[in-house]
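Just so it is clear: chains get the letters A, B, ... in the order the sequence lines come, proteins before strands, and each one is counted from 1. Computed from a predicted model, the values in this text were never measured in an experiment. Computed from heavy atoms alone, side chains included, the values below leave out hydrogens, waters and symmetry copies.
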Amino acid sequence: MMNRTVAMILNRVADLLEMDGADFRTKAYRRAAHTVEFLPEDIEFVMNEGRLEELPGIGKNIAKKIQEIINTGSLAYYEDLKAMFPVDFEELMSVEGIGPRKIKLFYEKLGVRNLEDLEYAARRHKIQRLKGMGPKTELLILKNVRFARRDTGRKLLGQIMPLGKSLKEEIEKLDTVSKVVVAGSIRRRKETVGDIDLLVVAEDHESVMDHLTGLKVVEEVIAKGPLKSSVRIKGDVEVDLKVFNAESFGAAMVYFTGSKETNVELRRVAISKGLKLNEYGVYRDDTLIAGETEDEVFRALDMDTPEPELRENRGEVDAALRGELPDLVDYTEIRGDLHLHTNWSDGKSKIHEMAKKAVDLGYEYMAVTDHFKSIWMDNGMDERDLEKQLLEIESINEKFEDSMDLCVFSGVEVDIDSEGHLNIESVLLEEIDIVVAALHSGLKQNKYGLTDRIVKVMYNEDVDVLAHPTGRKILEKTGYKLDLERIFQAALDTNTLLEVNADPDRLDLNDVIIREAVDYGCKLVINSNSHSLRDMKNMEMGVATARRGWAESKDIINTLPLKSFKKSLDLN
DNA sequence: GCCGTTTTCGGCCCGACTGTTTTCAGTCG
């Protein structure tokens with residue numbers, strides 16, 4: 001699929017146009033890039049069917065440019081712009097406080113092309129001599145160039161969410177504060193998070209700001225005003241806090257939950273209805289008509305309230321206007337976990353400990369799926385271990401049959417070998433309830449080879465689950481290239497479940513692919529892939545990801561009660 | 001450059017904070 005390349009080039013064009021201050025053309029290219037990036041179908045296919053101009057934000061001009069990119073792999077217009085401003089735009093933009101206009105100024109007046117040039121210019125005090133710049137800007141640049149080098153970019157949701165929670169509790173301690181909410185990408189449960197957004201209702205604004213900037217974890221105060229403050233806390237995480245009155249809080253939640261793209265869309269909707277939307281409320285002729293709750297705000301716009309996880313401007317605004325939002329799978333609907341590692345392989349806990357935790361989490365069933373031995377897994381089980389483990393599971397089921405209300409299924413996680421076979425004797429699998437297959441080695445094959453292996457193993461009738469299907473590690477590796485459509489089709493043909501792995505490092509499948517899979521009609525299973533008791537609560541991250549992929553409970557097999565679950569997998 | 005249930009032309013999301021100004025531009029979210 002060329003989608004990513006096309007979106008990337010359109011975005012770069014927007015970057016370069018932005019330096020020229022071409023405001024509206026920039027926005028047009030950004031919008032088109034966003035459309036292509038999250039298009040659920042192949043852009044080349046859309047082009048061949050002559051439907052490019054039907055896509056939102058794509059008109060005659062950009063359609064032509066997309067054709068050129070697909071046909072030639074590049075875009076002359078982009079190359080011309082690059083020649084005009086030969087700067088490392090992305091690198092320079094990563095310096096906080098530096099935007100397109102300053103990049104242009106520094107390039108034209110000082111020949112700055114990258115971070116190194118910028119730092120040199122600042123050190124030699126060349127910046128402060130430019131019109132509109134001063135010594136403070138120069139100091140800011142020197143400081144923030146260092147931060148840009150330290151790569152203080154986005155961090156894992158699983159890492160930041162607890163921080164947000166503890167800050168919320170810290171602010172709540174103040175008497176003057178009546179409400180605190182963590183908004184932003186954390187509330188949308190985006191897999192990576194750039195900062196923490198706190199929204200506060202309080203009578204005395206000043207004391208809230210003083211409290212925040214005085215917290216022990218705060219390393220630097222970036223900005224401090226009566227309504228809004230920003231600080232950097234330990235671990236290079238930026239925290240923004242804004243104070244609102246109660247009658248505006250719902251509008252503030254909408255606004256600061258975002259995403260930015262969704263906000264733009266919502267304001268368009270407001271304008272089309274003769275209204276104005278900002279973070280303080282919905283206005284008709286400067287009169288506040290809604291703002292206290294989110295529902296009230298969306299109602300004033302004559303639309304349903306999209307769940308925060310949907311707010312990425314991927315069609316949810318339209319769906320909400322038509323009253324056709326999906327009925328997302330709920331966090332409380334998960335009844336089992338089918339991917340758990342115990343101390344029989346590389347896990348830390350015993351089976352009965354994990355079983356107890358499963359009961360605590362309200363599950364009706366779980367599957368023990370330790371690794372089977374393989375080249376890369378030293379402490380995987382062998383045949384004899386597997387037999388012994390089966391006996392242990394049996395005795396746990398007997399022992400807890402009445403008291404625990406939990407069914408422990410036997411299982412195993414097996415490697416897919418280089419030929420697309422399972423790395424285990426098939427006779428062993430006959431006694432096992434849940435077989436989880438996964439790629440762990442031989443990953444250097446091309447897209448077709450890897451897809452062949454996976455599809456072949458899906459046709460093995462012992463296999464129930466394809467685990468972490470794309471093998472990605474967030475912020476580390478992108479995962480292997482696969483022909484997803486073939487995998488979806490194989491999943492349909494063979495009733496193989498595609499896993500949504502809830503490990504915060506993986507979240508694999510991701511939200512975008514989940515949506516494609518669900519549209520295709522595939523069934524999913526959300527698994528924690530736990531290696532310890534603590535990991536088991538990661539299930540929440542998997543559910544969040546499924547929700548971001550528009551999945552409903554009917555798409556998720558482990559929302560089924562035990563009886564129907566067993567039936568759907570042909571288990572006794 | 002795109003778009004239309006007021007429009008095929010004239011709009012295009014909006015406000016807070018900072019630094020450099022003396023009324024505003026740039027950046028951020």
All N/O donor-acceptor pairs, side-chain side in residues 205-212 of chain A, below 3.5 Å, sequence neighbours left out:
unit_1, atom_1, unit_2, atom_2, d
A/Ser207, OG, A/Asp204, O, 3.1
A/Ser207, OG, A/Asp204, OD2, 3.2
A/Asp210, OD1, A/Lys224, NZ, 2.7
A/His211, NE2, A/Glu170, O, 3.2

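- Glycosidic conformation at B/dT7 (O4'-C1'-N9-C4 for purines, O4'-C1'-N1-C2 for pyrimidines): syn, within 90° of 0.
- Scanning for ring pair (Phe, Tyr, Trp, His ring centres under 6.0 Å) contacts around A/Tyr120 gives an empty result, with sequence neighbours left out.
- Per the geometry, CG belonging to A/Asn144 stands 13 Å off C1' belonging to B/dC28, to the nearest Å.
- Not counting sequence neighbours, the partners of A/Tyr280 by the ring pair (Phe, Tyr, Trp, His ring centres under 6.0 Å) test are A/Phe244.
- The two atoms that bring A/Ala121 and A/Leu110 nearest to each other are CB-CD1, 4.1 Å, heavy atoms only.
- Rounded to whole Å, the separation between the P atoms of B/dC2 and B/dC13 comes to 16 Å.
- The pairing partner recorded for B/dC17 is B/dG26, the criterion being a Watson-Crick or G-U wobble arrangement whose two distances lie under 3.5 angstrom.
- Separating the P atom of B/dT21 from that of B/dT27 is a span of 15 Å, rounded to the nearest Å.
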Under 4.0 Å protein heavy-atom contact, by nucleotide of nucleotides 9-19 of chain B - B base, S sugar-phosphate only: ---BBBSSSSS
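- Residues A/Asp240 and A/Tyr77 each lie close to DNA chain B; by heavy-atom proximity, the contact nearer the 5' end of the strand is made by A/Tyr77.
- Distance noted for atom C1' between B/dG1 and B/dT5: 24 Å (whole Å).
- The same atom, P, is picked in B/dG15 and in B/dT20; the two are 26 Å apart, to the nearest Å.
- Among the heavy atoms of the strands, none lies under 4.0 Å from A/Leu266.
- Residues passing the side chain to side chain donor-acceptor pair (under 3.5 Å) test with A/Glu49, sequence neighbours excluded: A/Arg51.
- Screening residues 26-62 of chain A for ring pair (Phe, Tyr, Trp, His ring centres under 6.0 Å) gives A/His34-A/Phe38 as the qualifying pairs, with residues at least two apart or on separate chains.
- Nearest-nucleotide assignment on DNA chain B puts the 5′-proximal partner with A/Gly59, out of A/Gly97 and A/Gly59.
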